[in-house]
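These notes are about the structure you will find just below.
Every chain is numbered from 1 and lettered A, B, ... according to where its sequence line falls, protein lines coming before strand lines.
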Amino acid sequence: MITIEQMTKVYTMGEIEVHALRGVNLTIHSGEFIAIMGPSGSGKSTLMNMIGCLDTPTSGRYALDGIEVASLNDNDLSAVRARKLGFVFQQYMLLPRQSALSNVEMPMLYRGIASSERSRRARVALELVGMGNRIDHRPNELSGGQQQRVAIARALAGSPSVILADEPTGALDSTTSEEIMLMLRQLNREQNLTIIIVTHESDIAAYADRIVTIRDGVVTADRKNEVLHV
Amino acid sequence: MSNQPVRRVLEPVSDTGRNGLDYRELLKVSLDSLLANRLRTFLTMLGIIIGVASVVSLMTLGNGASEAITGQFSALGTNVLTIFNGRPNRGPGQSGNIAPLTMSDYKAIERIKLPIVGPVPQFSSNATIAAPAADKSSTVIGTTADYAKVQSVIMASGTFFTDANVQGASQVVVLGSSLKTYLFGSGEAVGETVRINSLACRVIGVMAAKGGGPFGSPDDQALVPITLAHTRLFAARTSDGNLRVNLISLSVIKADDIDFTQQRIQMTLRDLRKLNSDGSEDDFNVINQASFLSSLSTITTLLTTFLAAIAGISLLVGGIGIMNIMLVSVTERTKEIGLRRAVGAQSRDILLQFMIEAVVLSFLGGFIGVVFGSILPIVLTVSGTFNAPVTLNSVVISLSVSLATGLFFGIWPARNAANLNPIQALRHE
Ligand SMILES: Nc1ncnc2c1ncn2[C@@H]1O[C@H](COP(=O)(O)OP(=O)(O)O)[C@@H](O)[C@H]1O
Ligand SMILES: [Mg+2]
């Protein structure tokens with residue numbers, strides 16, 4: 001469960017102040033599949049980084065599963081990221097010379113999960129995303145869509161509260177994008193995973209159950225998605 | 001689909017409460033990373049290997065060379081004092097009346113009872129030595145049995161002459177190794193007779209080769225009892241009826257005694273020669289080979305320093321190599337650092353991982369460097385060309401410099417990257 005109240009973020013670059021978020025209010029419940037939409041530069045990634053505990057807001061309140069994130073130091077933020085959050089990046093961000101399996105295991109290293117359990121969970125996660133037969137492949141032996149599947153497996157292997165995906169299909173063609181979105185929706189339905197995606201494309205947002213639109217750092221629309229894809 | 005009961009395949013993780021990696025896992029992460037990037041690992045180690053190997057081999061060879069040079073001269077006897085005729089600190093051709101060095105000087109020194117081996121008088125001149133097959137003009141030295149001890153003579157065959165030979169003026173001769181080969185070839189010389197200025201002498205020993213010294217090579221000389229040289233071979237009487245000698249040598253038993261011994265001899269000879277009454281200058285020289293060796297050591301120090309300087313330059317070059325690769329690799333790896341931070345690594349985990357990588361690289365590279373650097377010295381030593389045992393100094397110096405470089409440039413940029421905001425690190429190009 002995510003509660004955001006009056007969140008602002010100001011970037012200062014020399015004398016210029018950029019108000020990336022200007023008072024965002026948002027509540028996200030467990031099990032939701034939600035898309036954050038908006039034009040480029042509207043503050044989607046900034047909001048995502050705040051939710052992902054990768055950066056701290058300038059003002060406002062953010063509670064993740066009851067944890068007040070604004071008061072945490074760097075090490076506590078790392079611990080929250082390790083336990084509560086799973087990340088999917090536009091550019092996949094897999095370690096280039098390591099196998100799919102060790103890429104998926106990697107985040108679990110940082111929260112004290114034993115080696116055998118890491119390996120078991122990584123295999124299950126790779127099965128879930130349909131990469132069970134590619135666990136020893138390295139990223140350069142996989143297509144873009146397959147790499148993103150491995151990245152999704154990496155995000156979900158540790159059973160996080162929330163999976164955050166910033167433009168997860170931004171580097172993929174439309175067919176592959178559709179496959180990835182269908183898979184995310186299936187994971188949301190069958191595994192009860194909370195998923196937040198960021199996109200500037202309405203066809204991609206259309207796979208989600210709820211669409212939040214932001215513009216110039218404020219939420220301008222928040223609606224249930226009526227036109228659900230098959 | 002939506003009618004199916006919700007069941008998560010991956011149940012939530014029961015929290016261990018533990019953050020960060022334990023050391024075994026850290027080690028594994030670091031080693032995996034080194035193994036996964038073999039080329040980068042190899043290139044980084046190369047700088048360390050080259051630096052360490054060149055320092056170890058150059059310093060060791062320099063050290064071996066100086067020891068070989070010093071050793072050649074020390075073989076002549078570091079504890080040896082030599083007494084010559086002539087005023088100190090003057091060249092040849094001195095005017096004024098200088099009393100020649102004689103057997104009475106020798107006996108006066110012998111009477112002091114110093115903790116020495118010797119003294120040993122030497123009276124030498126050129127003579128023709130004729131063997132059945134060949135003859136040669138050589139230096140023939142008349143001396144006493146102690147000569148063998150003072151000059152550390154090693155016999156290749158036969159024996160040196162004895163005190164009895166000296167007392168009886170026996171017609172015996174000991175040959176230097178080159179002279180023996182000239183006269184007898186590879187055949188047996190001991191037991192044969194040679195004629196020295198037509199006086200028949202029996203060869204009783206041949207000395208082992210010793211190499212050149214400052215006063216001509218002993219390998220080309222022949223040694224006879226000094227009594228024989230005085231009475232039968234050469235004209236030796238001075239105007240006042242004494243027997244002439246060219247030099248007197250002795251060796252002190254303890255190197256520390258050398259200055260004291262030198263002073264005692266100087267005083268005794270001044271008394272004997274009545275130089276004290278009128279305060280005259282010495283008309284003899286007491287030369288200490290140690291002072292000669294110390295000027296030699298200036299030269300060898302120069303050689304070692306020169307080689308050490310070259311080694312230092314290669315260490316610097318190696319260090320710059322390590323630095324470059326490490327800096328480049330951390331820049332390349334900033335994204336990786338950002339990713340690890342984003343998924344939950346604390347900056348400490350990142351720092352420790354890079355530290356372990358740097359330690360493994362530096363130690364492994366340093367070890368390989370020591371092995372490579374030791375190959376040439378060991379081959380030279382074992383083949384007998386050159387005695388150059390690997391010095392601890394060179395290993396310690398080269399290892400500590402390259403380890404310090406490797407660790408510093410492995411850790412310092414990683415620390416900066418670990419302290420970046422994960423977003424900045426992830427976006428790094
Ligand atoms: N690290 C930063 N420093 C300065 N300005 C930033 C930074 N990150 C984002 N911004 C600015 O904040 C605004 C919102 O950016 P962002 O959240 O990335 O938008 P979106 O993801 O919707 O395209 C933009 O004007 C952008 O230039
Ligand atoms: Mg963005």
Side-chain angles (χ1 to χ4, degrees), chain A residues 31 45-46 49 52-56 74-87 89 91 93-99 102-103 106-115 117-118 120-121 124-125 127-128 138 154-161 164 185-187 189-193, chain B residues 1-22 24-26 28-30 32-41 332-333 335-350 352-353 418-429:
Chain A
S45 293
T46 305
N49 294 341
C53 298
L54 291 165
D55 206 346
T56 42
D74 188 63
N75 282 346
D76 293 338
L77 287 175
S78 293
V80 170
R81 290 197 296 271
R83 287 172 171 71
K84 300 273 177 197
L85 300 160
F87 293 93
F89 305 96
Q91 298 297 339
M93 299 287 177
L94 299 173
L95 295 178
R97 289 178 190 81
Q98 307 218 356
S99 68
S102 35
N103 267 289
M106 189 268 286
M108 291 185 277
L109 273 172
Y110 297 105
R111 50 189 291 203
I113 297 177
S115 165
E117 173 68 0
R118 285 203 300 270
R120 184 189 73 80
R121 297 186 78 97
V124 174
E127 288 291 345
L128 273 177
R138 302 207 175 147
R154 178 179 65 193
L156 64 85
S159 285
S161 298
L164 301 173
R185 197 165 70 187
Q186 191 183 352
L187 288 169
R189 300 282 193 279
E190 293 178 8
Q191 305 299 320
N192 197 23
L193 281 171
Chain B
M1 211 196 279
S2 50
N3 298 335
Q4 284 177 1
V6 168
R7 209 192 98 250
R8 287 174 87 154
V9 172
L10 280 169
E11 74 287 4
V13 181
S14 54
D15 196 352
T16 57
R18 200 149 62 81
N19 287 322
L21 301 178
D22 71 23
R24 227 185 43 232
E25 279 165 348
L26 259 174
K28 191 177 172 309
V29 169
S30 308
D32 280 352
S33 171
L34 289 176
L35 283 176
N37 300 280
R38 287 195 186 82
L39 183 63
R40 188 178 68 204
T41 305
E332 270 174 17
R333 297 178 71 185
K335 262 194 160 109
E336 174 190 335
I337 292 173
L339 171 69
R340 289 182 186 272
R341 293 277 284 128
V343 301
Q346 302 190 347
S347 40
R348 174 186 156 278
D349 296 324
I350 303 294
L352 284 175
Q353 177 191 335
N419 286 339
L420 279 181
N421 173 322
I423 304 283
Q424 285 170 296
L426 270 172
R427 290 219 185 107
H428 186 91
E429 287 302 335

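Distance check: Asp74(A) CG to Arg348(B) CZ gives 13.0 Å after rounding to the nearest 0.5 Å. Here Leu426(B) contributes atom CG and Leu54(A) contributes atom CG; the two are 7.5 Å apart, rounded to the nearest 0.5 Å. Atoms CG and CD, from Asn75(A) and Gln346(B) in turn, are 4.0 Å apart once rounded to the nearest 0.5 Å. How far CG of Asn49(A) is from CD1 of Ile423(B): 3.0 Å, rounded to the nearest 0.5 Å. Atom-to-atom distance recorded for Asn103(A):CG and Leu339(B):CG is 8.0 Å, nearest 0.5 angstrom.
With a 4.5 Å cut-off on non-hydrogen atoms, Ala125(A) touches chain B through its backbone and its side chain both. Neither the backbone nor the side chain of Arg138(A) comes within contact range of chain B; no heavy atoms are under 4.5 Å apart. Neither the backbone nor the side chain of Leu187(A) comes within contact range of chain B; no heavy atoms are under 4.5 Å apart. Neither the backbone nor the side chain of Leu26(B) comes within contact range of chain A, judged by heavy atoms closer than 4.5 Å. Proximity to chain A (any heavy atom under 4.5 Å) is shown, for Asn37(B), by both the backbone and the side chain. With a 4.5 Å cut-off on non-hydrogen atoms, Leu85(A) does not touch chain B at all.
Evaluation of the side-chain contact (heavy atoms from CB on, under 4.5 Å) rule for Glu127(A) yields no partner, not counting sequence neighbours. The side-chain contact (heavy atoms from CB on, under 4.5 Å) test applied to Ser99(A) returns Leu101(A), Ser102(A), not counting sequence neighbours.
Of all the heavy atoms in Glu336(B) and Leu95(A), the pair that sits closest is CG-CD2, 3.5 Å. Taking each heavy atom of Ser78(A) and Ala345(B) in turn, the nearest pair found is OG-O, 3.3 Å. The nearest pair of heavy atoms linking Ala342(B) to Phe89(A) is CB-CZ, 4.2 Å.
Between the side chain of Arg121(A) and the backbone N or O of Glu11(B), at least one donor-acceptor pair lies under 3.5 Å.
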Query raised in the report: Is there a side chain to side chain contact (heavy atoms under 4.5 Å, CB included) between Glu117(A) and Val13(B) once you walk through the steps?
Result: CA-CA 10 Å; Glu117(A) 173 68 0; Val13(B) 181; 5.6 Å; no
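When side chains are defined from C-beta on, Met106(A) does not count as touching Asp32(B), because their heavy atoms never get closer than 4.5 Å. In this structure the side chain of Pro422(B) reaches within 4.5 angstrom of the side chain of Arg81(A), judged on heavy atoms.
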